[in-house]
Engineer: 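First the structure, then my questions, so here it is.
Chain letters run A, B, ... following the sequence lines, proteins first and then strands; every chain starts at 1.
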Number of protein chains: 2
Amino acid sequence: MSLETSLIPIIRKFNRFYTNVLGLLDKHLLDSDFSLSEVRVLYEIGHADRCTAKMLIDLLKIDAGYLSRILKRFEKLGLTYRVQSEADGRSSLLYLSKLGEETLSTMNALSDVQIRHMIAGLPERSQKSIAASMSTIERELSDHPSGPDIRIRSELQPGDAGMLIHMHGWIYAQECGYNHVFEGYVCKTFYDVLLTYSPDRDRFWLAEADGQIVGSIAIIGQSEGKAQLRWFMLHPDYRGLGLGKKLLHEAISYCRARNIRQLFLETTQDQKTAIGMYAKAGFQKVAERENQAWGIRNIEETYELHLHGGSPHEASATNAELT
Amino acid sequence: MSLETSLIPIIRKFNRFYTNVLGLLDKHLLDSDFSLSEVRVLYEIGHADRCTAKMLIDLLKIDAGYLSRILKRFEKLGLTYRVQSEADGRSSLLYLSKLGEETLSTMNALSDVQIRHMIAGLPERSQKSIAASMSTIERELSDHPSGPDIRIRSELQPGDAGMLIHMHGWIYAQECGYNHVFEGYVCKTFYDVLLTYSPDRDRFWLAEADGQIVGSIAIIGQSEGKAQLRWFMLHPDYRGLGLGKKLLHEAISYCRARNIRQLFLETTQDQKTAIGMYAKAGFQKVAERENQAWGIRNIEETYELHLHGGSPHEASATNAELT
DNA sequence: ATGTTTATTTGACTTTGTCAACTATATGGC
DNA sequence: GCCATATAGTTGACAAAGTCAAATAAACAT
């Protein structure tokens, strides 16, 4: 609630600002013979599939009577024509005539010029960030918020390692109070792997939200049926969406497929949620020791999971719970 | 030009979308006894200092005659009063009466409720990213584009090292074709420093644009009048703004102040721009060797700068050129 | 002082949008 | 199939919102 309260003034300020921006853009549009509403109607007829008056009313929140007259005018001007719907005799399907299409594309071109003029003087980076911000707002506010575009990829790209270190450093400082020495230690783990990195032996799964890494897991150093699970982590904003479960499942499935029998991992006692998931997947603690190096006292723990030979019961339970 | 062309459809789409959003918000506002224009006028009278009709005309792009009538109505309703300007007898200064202030704050409250309702169902992360995006758009599009908020800080925070590694990995892959081994090597350099990091001996300057790191430089390992300059880097989007020069200047000034006499750095021949700046600052090449490790053949070079004892000429030239 | 510009007002007008009553078709229950 | 009710679209009467040009009065430039 307090968050909303602090954001509302920002949003209202933007609304006032953007009302002006849109007003300016519209002004020029009004040099044409059409009102703003008419232009919007014409645009939608041109772009919607099997457009009816009802659709326009819902989409543009326009008065039915007003729309009726606009459509009548369009027809008189020869911009549109209508065909009675076969499915519903009350409705007509609306189409642009040749002239209507020309008119619309002229208006589109004018509008493009307007917008181009609006952003013309700005540096490329500003233009990009404006467009990106607009997409974000639209996506987040749209009726069926699709949420961010979340996907999991498993090729390691340049910069990924650094980003994972960044997230480790930041998250563990926030949540556990670890200091820069911890981040240095994470650097070391990546250094060790990257120097000899081979996609065959070392595999990463990176969860991305709109192209930004928000979670990770990896299986590294596999040899002779053994491997290490590493860098299992999820950005706080993206927890509770089942992403962690999905990552862990990916990693373990991969191990099964690669015939890895023994998987181990190291973590600290602070990682309650992760440890819960490890346990659910069948991992068992095999060692623990104290660590003072990271600015705060903590207990490091080692966990192991036996995938085939070990306990068939656990393996199948895992499978069921993580699917 | 081609970039603009690809962004215009995004911007137009957003404009159509946001026209709807604003329309919906306004609808509810119209339940009150005031038109949208009237509300905007009332708002500005309440917030602008020494408000005149002319100001409102310019600010809201409203017709003078229309405004005149709105103001007349406000006065009749007892919401505003006017005082003839002493400086210009043609103008009057506009003020809200007690009742006007109450009315405005009621409307503000209603508007707040509207907005709160609009974002209420969304997760915190969405709300934040909406507000941030709006601020970005407003800043970039405002008349005197202030550009991003760029500042240089010099405390190392958790996550910074990772972010710098990320940038190294990404930029050098983009621009020089280095592979993951290079990023691993960068990890090692940070590992070495972070384990024994001490603000007295190791100093970072991080250039941030709107809170995002976009450039860096560091002076590390100083002892007995010597030190190493490291991690000098600038995001491609933020080059040509004098930021690199500023960072280098910060680092060298610091060395002077700390009585460091000899500074060295390692780079690769690919770094033409950086090497140009090093040369300008008085650095001289003292060694070079071939390196094959990073996926592509390159020449590593070592540079040195003697700050006090060495060449007074160079030192002063440096000072002049980099200030 | 005089002609020009600027801030605001007023009257006449158009455009835009709203509301409620009306027609015609569709839909669901029997 | 028949009826009650809902839905898509139309129309007339009207109100609100916005525009334009002419008028007024003060300010400014020379």
Engineer: Map A:Leu67 and A:Gln84 onto DNA chain C by nearest heavy atom, then report which one ends up closer to the 5' terminus.
Structural biologist: A:Leu67
Engineer: Regarding B:Arg116 and A:Thr5, is there a side-chain donor-to-acceptor distance under 3.5 Å anywhere?
Structural biologist: yes
Engineer: Taking A:Asp149 first and then A:Arg151, would you say they form a salt bridge - that is, a charged N and a carboxylate O separated by under 4.0 Å?
Structural biologist: yes
Engineer: Can a cation-pi geometry be assigned to B:Arg125 and A:Tyr238, taking NZ or CZ under 6.0 Å from the six-membered ring centre and within 45° of the ring axis?
Structural biologist: yes
Engineer: Atom CG of A:Asp58 to atom C1' of D:dA8: distance rounded to whole Å?
Structural biologist: 11 Å
Engineer: Whole angstroms only, please: what is the CD-C1' distance between B:Glu38 and D:dA16?
Structural biologist: 10 Å
Engineer: D:dT10 phosphate, OP1 or OP2: any side-chain N/O from A:Arg82 under 4.0 angstrom?
Structural biologist: yes
Engineer: Could you tell me the separation between the CD1 atom of B:Ile70 and the P atom of C:dT10, rounded to a whole number of Å?
Structural biologist: 15 Å
Engineer: What is the distance from CG of A:Asp88 to P of D:dG9, rounded to the nearest Å?
Structural biologist: 8 Å
Engineer: Looking at D:dG9, C:dT9, C:dT16, which one has an atom nearest to any side-chain atom of A:Lys54?
Structural biologist: D:dG9
Engineer: Are OP1 or OP2 of D:dA17 and a side-chain N or O of B:Arg73 less than 4.0 angstrom apart?
Structural biologist: no
Engineer: For the pair made of CD in B:Glu75 and P in C:dT8, what is the distance, rounded to whole Å?
Structural biologist: 13 Å
Engineer: Taking only N and O in the side chain of A:Ser37, is any of them less than 4.0 Å away from OP1 or OP2 of C:dG17?
Structural biologist: yes
Engineer: By the 4.0 Å heavy-atom rule, please label A:Gly65 as base, sugar-phosphate, or nothing.
Structural biologist: base
Engineer: Return no unless some side-chain N or O of A:Ser91 is found under 4.0 Å from OP1 or OP2 of D:dA8.
Structural biologist: no
Engineer: Using a cut-off of 4.0 Å on non-hydrogen atoms, how would the nucleic acid contact of B:Asp63 be classed: base, sugar-phosphate, or nothing?
Structural biologist: base
Engineer: From CD1 of A:Ile62 over to P of C:dT15, roughly how many Å is that when rounded to an integer?
Structural biologist: 17 Å
Engineer: Is the ring centre of B:His249 less than 6.0 Å from the ring centre of B:Trp205?
Structural biologist: no
Engineer: Give A:Ala53 one of three labels, base, sugar-phosphate or nothing, depending on what nucleic acid heavy atoms sit under 4.0 Å from its own.
Structural biologist: sugar-phosphate
Engineer: Mapping A:Ile57 and B:Arg69 onto DNA chain D by nearest heavy atom, which one lands closer to the 5' end?
Structural biologist: A:Ile57
Engineer: Out of C:dT5, D:dT11, D:dA17, which has the shortest distance to the side chain of B:Arg90?
Structural biologist: C:dT5
Engineer: Quick one: B:Phe34 CZ to D:dA16 P, roughly how many Å, whole number?
Structural biologist: 14 Å
Engineer: Nearest whole Å is fine: how far is D:dT11 P from A:Tyr66 OH?
Structural biologist: 17 Å
Engineer: Would a line drawn from the ring center of A:Phe14 to the ring center of B:Tyr18 be shorter than 6.0 Å?
Structural biologist: yes
Engineer: Taking only side-chain nitrogens and oxygens of B:Lys72, does any of them come within less than 4.0 Å of OP1 or OP2 of C:dT8?
Structural biologist: no
Engineer: Are B:Arg239 and B:Thr273 close enough that a side-chain donor and a side-chain acceptor fall under 3.5 Å?
Structural biologist: no
Engineer: Under 4.0 Å between a side-chain N or O of A:Ser92 and OP1 or OP2 of D:dG9?
Structural biologist: no
